[in-house]
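Numbers restart at 1 for each chain; the letters A, B, ... are given by sequence-line order, proteins then strands. We use all heavy atoms of the structure for the numbers below, so side chains are in, but hydrogens, waters and symmetry mates are not.
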Protein chains: 2
Amino acid sequence: MDSEELRNAGLKVTTPRLKILTLLENSVERHMTAETIYRLLTEGGEVIGLATVYRALAQFEAAGLITRHHFDSGQTVYELERGPHHDHIVCIRCGRVEEFYDKVIEERQREIAASLGFVLSDHALTLYGECNSPECLARKG
Amino acid sequence: MDSEELRNAGLKVTTPRLKILTLLENSVERHMTAETIYRLLTEGGEVIGLATVYRALAQFEAAGLITRHHFDSGQTVYELERGPHHDHIVCIRCGRVEEFYDKVIEERQREIAASLGFVLSDHALTLYGECNSPECLARKG
DNA sequence: ATCTATATTGATAGTCATTCTCATTTGAGA
DNA sequence: TCTCAAATGAGAATGACTATCAATATAGAT
């Protein structure tokens with residue numbers, strides 16, 4: 001149950017938070033902007049404020065329930081934290097996002113940070129390219 | 001001469017563009033925001049518009065003279081393109097930016113993209129951590 | 001189940017970075 | 001030097017996000 005997740009995260013269980021969390025869990029699209037979440041909810045007949053969406057997402061992130069990414073093409077996107085860490089590859093033509101995990105890269109990052117005297121706390125790796133999927137090719141011939 | 005660079009890039013040689021390019025080449029800090037560039041120039045007695053700075057930076061980037069980065073902590077930073085490709089590690093406490101290049105990571109990225117059916121065109125890798133330099137420690141003890 | 005203190009919400013105004021508009025100026029070739 | 005498209009600067013406009021604040025809802029005590 002979603003209420004459990006919120007409680008475990010130390011957050012009060014409220015209607016808007018449940019709506020957002022449920023949406024994130026049931027959406028096919030795993031990477032959404034705050035605006036998209038707001039739009040999907042209101043279009044679905046729910047009443048919620050945009051400010052509430054931003055606030056909830058910030059709290060979810062602080063609680064480790066979701067992760068935020070800054071892809072080059074614009075807004076911040078949020079993603080439900082499930083499963084192990086991974087990075088992203090984004091299609092610059094159709095916007096499709098795929099995930100990947102690479103042990104070698106993860107390891108090298110730690111080594112590089114250490115060799116430069118840094119204590120690594122996080123990293124952001126995003127690849128950009130063209131996926132050339134059927135939908136992608138259709139989009140811009 | 002900077003005029004050469006602009007001409008070679010296919011850009012008309014204008015006073016504001018020269019000011020910006022010269023500043024980028026002579027600054028110790030290699031990573032600057034548009035706002036910083038604008039401030040440094042006007043504080044130096046130059047007359048230039050903020051919109052012009054943004055426009056020039058966009059053109060420089062399109063011409064390959066500079067590179068833009070979106071670090072997690074806020075604004076877009078621009079960096080003069082000189083020397084070979086590299087990625088960044090940013091101190092989350094004092095903001096210091098170091099550069100690094102890792103052949104292994106570069107290679108793995110190409111392989112990963114290919115294995116997912118993407119034609120890789122670019123990537124953004126930024127590590128975040130604490131550098132614990134003397135200035136860094138002084139900042140927040 | 002009810003009450004209370006406090007956290008949360010929604011509407012809206014505000015902020016900040018960036019882009020657009022447009023009248024004026026400037027650079028490069030004729 | 002002249003001409004004219006391209007570039008500039010000032011300020012308005014946009015878009016994403018945050019702060020404010022009165023009204024409301026939640027968690028725990030009663």
Colleague: Using whole Å, report how far CD of A:Glu61 lies from P of D:dC17.
Modeller: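 Rounded to whole Å, this separation is 12 Å.
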Colleague: Between B:Glu111 and B:Arg108 (salt bridge meaning N to carboxylate O under 4.0 Å), is one present in this structure?
Modeller: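 Counted as a salt bridge, because a side-chain N and a carboxylate O are separated by less than 4.0 Å.
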Colleague: Would you tell me whether B:Thr67 and B:Glu81 have side-chain atoms, one donor and one acceptor, within less than 3.5 Å of each other?
Modeller: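 Judged by distance alone, the side chains do pair up.
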Colleague: So, is B:Tyr54 near the phosphate of C:dT18, with a side-chain N or O under 4.0 Å from OP1 or OP2?
Modeller: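 Yes.
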Colleague: For A:Ala58 and B:Leu50, find the nucleotide of DNA chain D closest to each by heavy atoms; which residue's nucleotide sits nearer the 5' end?
Modeller: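 It is B:Leu50, whose closest nucleotide lies nearer the 5' terminus.
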Colleague: Mapping A:Gly49 and B:Ala34 to their closest nucleotides on DNA chain C, which lands nearer the 5' end?
Modeller: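 It is A:Gly49 whose nearest nucleotide is closer to the 5' end.
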Colleague: Separation of A:Asp72 atom CG from C:dT18 atom P, in whole Å?
Modeller: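 Value for this atom pair: 13 Å.
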Colleague: Please work out whether the ring planes of A:Tyr101 and A:His85 are parallel, tilted or perpendicular, with thresholds of 30° and 60°.
Modeller: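 If you compare the ring of A:Tyr101 with that of A:His85, the planes turn out perpendicular.
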Colleague: Can you tell me how far the CG atom of B:Leu125 sits from the CD atom of B:Gln109, to the nearest 0.5 Å?
Modeller: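 With rounding to 0.5 Å, CG (B:Leu125) is 6.5 Å from CD (B:Gln109).
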Colleague: Nearest-Å distance, CZ (B:Phe60) to P (D:dA7)?
Modeller: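 My rounded result for the distance is 12 Å.
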Colleague: Closest to the B:Arg55 side chain: D:dA10, D:dA16, C:dA17?
Modeller: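 Nearest to the side chain of B:Arg55 among the choices is D:dA10.
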Colleague: Rounded off to whole Å, could you give me the CD1-to-P distance for the B:Ile48 and D:dA10 pair?
Modeller: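 To the nearest whole Å, that distance equals 10 Å.
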Colleague: Tell me: CD of B:Glu46 to P of D:dT8, nearest whole Å?
Modeller: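 Rounded to whole Å, this separation is 14 Å.
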Colleague: Please give, in whole Å, the distance from D:dG15 C1' to A:Arg39 CZ?
Modeller: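 Going from CZ in A:Arg39 over to C1' in D:dG15 covers 16 Å.
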Colleague: Find the distance B:His70:NE2 to D:dA16:P and express it as a whole number of Å.
Modeller: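 Roughly 14 Å, once rounded to whole Å.
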Colleague: Phosphate oxygens OP1/OP2 of C:dA17: is one of them under 4.0 Å from a side-chain N or O of B:Thr33?
Modeller: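 B:Thr33 to C:dA17 OP1/OP2: no side-chain N or O under 4.0 Å.
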Colleague: Does D:dT8 have its OP1 or OP2 closer than 4.0 Å to a side-chain nitrogen or oxygen of B:Arg17?
Modeller: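 For D:dT8, OP1 or OP2 has a side-chain N or O of B:Arg17 closer than 4.0 Å.
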Colleague: Hey, does A:Ser133 have a side-chain heavy atom less than 4.5 Å from the side chain of A:Arg96?
Modeller: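 A side-chain contact exists here, since the closest heavy-atom pair is under 4.5 Å.
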Colleague: Centres of the A:Phe71 and A:His88 rings: under 6.0 Å?
Modeller: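 Yes.
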Colleague: Enumerate the protein-to-nucleotides 26-28 of chain C contacts in which both atoms are nitrogen or oxygen and the separation is below 3.5 Å.
Modeller:
from   : atom 1 : to      : atom 2 : distance (Å)
C:dG27 : OP1    : B:Thr15 : OG1    : 3.2
C:dG27 : O3'    : B:Val13 : O      : 3.3
C:dA28 : OP1    : B:Val13 : N      : 3.3

Colleague: Taking atom P of C:dA17 as reference, at what distance in whole Å does atom CD1 of B:Ile37 sit?
Modeller: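 These atoms are roughly 14 Å apart.
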Colleague: Ring centroids only, cut at 6.0 angstrom: are B:Tyr128 and A:His123 within range, meaning strictly under it?
Modeller: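 Aromatic pair excluded; centres sit 6.0 Å or further apart.
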Colleague: Among C:dT18, D:dT8, C:dT12, which is the nearest nucleotide to the side chain of B:Gln75?
Modeller: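 Nearest to the side-chain atoms of B:Gln75, counting from C-beta on, is C:dT18.
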